[in-house]
Number of protein chains: 2
Amino acid sequence: MNLQPLVLAILEGGPLYGYLIARRAKAKSGLRWEEGTLYPLLHRMERGKLVSSEWRTASGGRRRKYYALTRRGRSVLATARADWKEQVQAVSNILFGGRRHAVAR
Amino acid sequence: MNLQPLVLAILEGGPLYGYLIARRAKAKSGLRWEEGTLYPLLHRMERGKLVSSEWRTASGGRRRKYYALTRRGRSVLATARADWKEQVQAVSNILFGGRRHAVAR
DNA sequence: CACTCATACCTCGGGAATCAAGGCATGAAC
DNA sequence: GTTCATGCCTTGATTCCCGAGGTATGAGTG
């Protein structure tokens with residue numbers, strides 16, 4: 001599973017910081033989201049200009065790193081959505097649509 | 001993407017050899033199936049007792065290595081099918097079923 | 001026959017993604 | 001002032017996949 005599109009989709013609702021991204025994702029999907037996965041992923045995405053980051057300090061003084069979608073990130077998300085649909089179709093074809101025999105030359 | 005369940009599903013129709021597995025999969029799904037992926041995968045699956053292999057010689061004399069599902073393979077396939085459904089549900093929840101609808105401004 | 005193509009198997013090296021298991025720091029609650 | 005939840009991070013190992021090779025044989029063509 002590629003988790004990148006999921007992060008993009010979650011950020012579509014507005015900027016969020018890592019800890020909360022993990023929470024949201026887990027709440028919505030039940031998928032595992034280890035920190036050892038998430039933070040490097042966010043860094044990769046920032047390097048790839050899919051997201052931008054900004055440190056914000058809450059009223060209490062706690063610092064959080066907020067990530068926001070870039071224009072490029074939105075574009076990639078749109079592509080990822082289309083790709084995901086195709087992929088689901090492809091895999092489901094094999095996993096469940098086993099009756100049809102494609103002629104393999 | 002984990003391709004192992006797809007191989008299991010394809011073998012459900014009866015024993016097949018590697019080259020043809022790749023053909024079938026590609027014909028049905030359009031997914032990439034490189035040989036550098038498939039053969040090591042088949043070997044891993046055999047080590048894991050999900051499939052068994054047997055050399056057969058065709059009338060012409062060509063040797064082919066046929067792989068067949070084991071009982072264990074069938075069991076794993078059933079689990080994988082259920083997992084796949086869950087996973088699709090989870091990912092779709094995030095990718096498409098966002099509570100918050102993003103509105104272009 | 002010589003040549004080429006498709007078939008059919010395989011390995012190796014590298015890259016990417018994930019997880020487990022840590023570490024470090026702070027605010028809030030008691 | 002100790003504990004808890006929050007919040008960021010890195011490192012090492014593992015796993016999976018691909019690209020790029022290699023080897024060999026049968027079938028079709030001239």
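Residue numbering restarts at 1 for every chain, and letters A, B, ... go by the order of the sequence lines. These numbers were taken from a predicted model, which means no experiment stands behind them.
Salt bridge present: A/Glu54 and A/Arg56 bring a charged side-chain N and a carboxylate O closer than 4.0 Å. Salt bridge annotation for A/Arg81-A/Glu12: present, with a cationic side-chain nitrogen under 4.0 angstrom from a carboxylate oxygen.
C/dA8 atom C1' lies 11 Å from atom OH of B/Tyr66, rounded to whole Å. Here C/dC12 presents its C1' atom at 17 Å from CG of B/Leu38, a figure rounded to the nearest Å. In this structure, OH of A/Tyr17 is placed 9 Å from P of D/dT6, rounded to the nearest angstrom. Across the protein-nucleic acid pair, A/Arg24 atom CZ and D/dG7 atom P stand 12 Å apart, rounded to whole Å. Atom CH2 in A/Trp55 sits about 13 Å away from atom P in C/dA25, given to the nearest Å. Between the CZ atom of A/Arg63 and the C1' atom of D/dA5 there is a distance of 19 Å, given to the nearest Å. Between the CZ atom of A/Arg62 and the C1' atom of D/dA5 there is a distance of 8 Å, rounded to whole Å. Here the C1' atom of nucleotide D/dG7 and the CZ atom of A/Arg64 are 8 Å apart, to the nearest Å.
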* Once each nucleotide of nucleotides 14-19 of chain C is scored for protein heavy atoms under 4.0 Å, what B/S/- sequence comes out, 5' to 3'? -> ---SSB
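At D/dC8, one or more side-chain N or O atoms of A/Tyr39 fall inside 4.0 Å of OP1 or OP2 (strictly under the cut-off). An OP1 or OP2 oxygen of C/dT7 is reached within less than 4.0 angstrom by a side-chain nitrogen or oxygen of B/Arg23. Note on A/His43: every side-chain N or O is 4.0 Å or more away from OP1 and OP2 of D/dC8.
Counting all heavy atoms, side chain and backbone alike, B/Glu46 lies closest to B/Ser53 at OE2-OG, 2.6 Å.
The side-chain contact (heavy atoms from CB on, under 4.5 Å) test with A/Tyr67 is passed by exactly one of A/Val51, A/Leu8, A/Val7, A/Leu50: A/Val51. Tested against A/Leu16 for a side-chain contact (heavy atoms from CB on, under 4.5 Å), the candidates A/Arg23, A/Arg64, A/Arg24 yield a single pass: A/Arg24. Of the candidates B/Leu77, B/Thr70, B/Ile21, B/Leu11 forms a side-chain contact (heavy atoms from CB on, under 4.5 Å) with just one, namely B/Ile21.
For the pair B/Lys65 and B/Tyr39, the cation-pi criterion (under 6.0 Å, within 45° of the ring axis) is not fulfilled.
Within a heavy-atom distance below 4.0 Å of DNA chain D, no residue of residues 73-88 of chain B is found.
Side-chain atoms of A/Gln89 and A/Trp84, non-hydrogen and from C-beta on, never get closer than 4.5 Å to each other. No side-chain heavy atom of A/Ser29 sits less than 4.5 Å from a side-chain heavy atom of B/Val91. Between B/Leu38 and B/Tyr19 there is no side-chain heavy-atom pair separated by less than 4.5 Å. The shortest distance between side-chain heavy atoms of A/Thr37 and A/Glu34 falls below 4.5 Å.
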Could you pull out the protein-nucleic contacts involving nucleotides 21-23 of chain D (nitrogen or oxygen on both sides, under 3.5 Å)?
none

